[in-house]
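Below is one structure, written out as structure tokens, with a few remarks after it.
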Amino acid sequence: MTTTTSTSHRSSSNTASRHHGVAIRCSTRRDGDFHPTKVPRDELTVRRRTLVDLPWTMLDQRHGTDVVRVTEGGSGDGERGDIAITDIDDAVLGCWVGDCAAIVLIGAAREFAIVHAGWRGLASGVIDHAVAAFDEPIIDAVLGPVIGVCCYEFGLGDLVDVAAGVGAEPASITGVTQTGSMGLDMTAAVDAACRRHGFAVSTIAGCTGCGDDTFSYRVRGDTRRHVVAAWRPGSTS
């Protein structure tokens, strides 16, 4: 598993990181709440366009494995699903999270996807479903801010389910929290699911629980959500 440093801070000044032609930007608390059912539509539109001034698709995420294919900028916005995939330029795929993993998968040619993966999604094989949606080999995976094992106390029964869903031994995704309890290592679980398909995951941010730049439901009880946005810039953007 490789790690890079996030360049995402303020939307007004930060430069999105680039990965094989796909731009990725993570919002912060200063960018506001991106929860699509709690923020008025007009206000959400302004926040999204302030972060990335292109048409957006954000799904109605349900911790499942449904796939939405985006055929033009903004299509599928609000549809039920946890995987959005496209092969077009200047279409933003956004994943709103507050501890769960937002994973960008990048194909060898044109396709890229964004995947919402909480522990239930990982246990259900959401990354396997995302990989199956591609018509080309995947060459990279990028993980946004996610709760770290340091802050994620987790029961053994559910941890075993997650391990089965990502094709890993339970011990390989188990760690110890700051309080000495058993914890789930979400980053290790995502990496295990990716590696069994032949690619590794790189991270561009740290723990949502320890950091103060993003929202965390489990640590701080936040009901607001930050967003990870991915797009392939066209020749004019």
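Contact check on Asp161 versus Arg120 returns no salt bridge, with no Lys/Arg side-chain nitrogen under 4.0 Å from an Asp/Glu carboxylate oxygen. With respect to Glu111 and Arg69, a salt bridge is recorded, a charged nitrogen being found less than 4.0 Å from a carboxylate O. A salt bridge does not link Arg47 to Asp33: none of the charged side-chain nitrogens sits closer than 4.0 Å to a carboxylate oxygen.
Remark: side-chain polar atoms of Ser124 are not paired, donor with acceptor, to backbone N or O of Val126 under 3.5 angstrom. Side-chain atoms of Asp90 come within 3.5 Å of backbone N or O of Gly234 as a donor-acceptor pair. In this structure a side-chain-to-backbone donor-acceptor pair under 3.5 Å is missing from Arg225 to Trp96. A side-chain donor-acceptor contact under 3.5 Å links Trp56 to the backbone of Arg48. Listed for the Arg80 side chain is no donor-acceptor partner under 3.5 Å among the backbone atoms of Asp66.
In this structure the side chain of Ile139 never reaches within 4.5 angstrom of the side chain of Phe199, judged on heavy atoms. For the pair Cys100/His63, a side-chain contact is recorded, criterion being any heavy-atom separation below 4.5 Å from C-beta on. For the pair His116/Leu59, no side-chain contact is recorded, criterion being any heavy-atom separation below 4.5 Å from C-beta on. The side-chain heavy atoms of Val97 and Val227, taken from C-beta on, include no pair separated by under 4.5 Å. In this structure the side chain of Arg18 reaches within 4.5 angstrom of the side chain of Pro233, judged on heavy atoms. Using a 4.5 Å cut-off on side-chain heavy atoms (C-beta onward), Val68 and Ile83 make no contact. The closest side-chain heavy-atom distance from His226 to Thr208 is below 4.5 Å. The closest side-chain heavy-atom distance from Val142 to Val201 is not below 4.5 Å.
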Checking Thr179 against Ser181 for the side chain to side chain contact (heavy atoms under 4.5 Å, CB included) test, could you report, in this order, the C-alpha distance in whole Å, the side-chain angles of both residues, the deciding distance, and whether it holds? CA-CA 6 Å; Thr179 60; Ser181 301; 3.6 Å; yes

Might you work through the side chain to side chain contact (heavy atoms under 4.5 Å, CB included) test for Ile106 and Ile138, ending with a clear yes or no? CA-CA 6 Å; Ile106 303 170; Ile138 297 171; 5.7 Å; no

Evaluation steps, side chain to side chain contact (heavy atoms under 4.5 Å, CB included), between Tyr152 and Arg218: CA-CA 8 Å; Tyr152 200 8; Arg218 285 187 171 266; 2.9 Å; yes

Arg62/Asp82 under side chain to side chain contact (heavy atoms under 4.5 Å, CB included): CA gap, chis, key distance, verdict: CA-CA 7 Å; Arg62 299 295 185 93; Asp82 288 85; 4.2 Å; yes

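Applying the side chain to side chain contact (heavy atoms under 4.5 Å, CB included) criterion to Val146, with sequence neighbours excluded, gives Ala101, Leu143, Met186, Thr187. Every side chain to side chain contact (heavy atoms under 4.5 Å, CB included) that Ala192 has, sequence neighbours left out, goes to Val166, Ala168.
Separation of atoms CD1 (Ile147) and CD (Glu153) is listed at 11.0 Å; rounding is to 0.5 Å. The distance from atom CZ of Arg224 to atom NE2 of His35, rounded to the nearest 0.5 Å, is 12.0 Å. Within the model, atoms CE of Met58 and SG of Cys95 stand 8.5 Å from one another, a figure rounded to the nearest 0.5 Å. Taking CD1 of Ile24 as the start and CH2 of Trp231 as the end, the distance is 9.0 Å to the nearest 0.5 Å. With rounding to the nearest 0.5 angstrom, the CG atom of Leu159 is 5.5 Å from the CG atom of Leu184. Distance check: Leu122 CG to Thr65 OG1 gives 12.0 Å after rounding to the nearest 0.5 Å.
Residue Leu105 comes nearest to Ala141 through the heavy atom pair CD2-CB, 3.6 Å, listed as atom of the first residue, atom of the second, then distance. Pairing each heavy atom of Arg232 with each of Arg110, the nearest pair is NH2-O, 3.1 Å. The two residues Ile88 and Phe112 come nearest to each other via the heavy atoms O-CE2, 4.0 Å. In this structure, Ile204 and Gly144 approach most closely via the heavy-atom pair CG1-CA, 4.1 Å. In plain terms, the two heavy atoms of Ala84 and Leu93 that are nearest each other are O-CD1, 3.5 Å. The minimum heavy-atom distance between Leu51 and Arg25, with the atom names listed, is O-NH1, 2.6 Å.
Cluster membership for Val149 and Trp119, using ILVMFWY side-chain heavy atoms within less than 4.5 angstrom, is not shared. Linking Ile, Leu, Val, Met, Phe, Trp and Tyr residues whenever their side-chain heavy atoms come within less than 4.5 Å leaves Tyr217 and Phe154 in two separate clusters. Both Val131 and Val115 belong to a single network of hydrophobic side chains, linked directly or stepwise wherever heavy atoms of I, L, V, M, F, W or Y lie under 4.5 Å apart.
Between the side chains of Ser216 and Asp99, at least one donor N or O lies within less than 3.5 Å of an accepting N or O. Under 3.5 Å, the side chains of Asp128 and His197 contain a donor-acceptor pair of N or O atoms. In summary, the side chains of Asp77 and Thr57 do not present any donor paired with an acceptor at a separation below 3.5 Å, with no hydrogens or angles considered.
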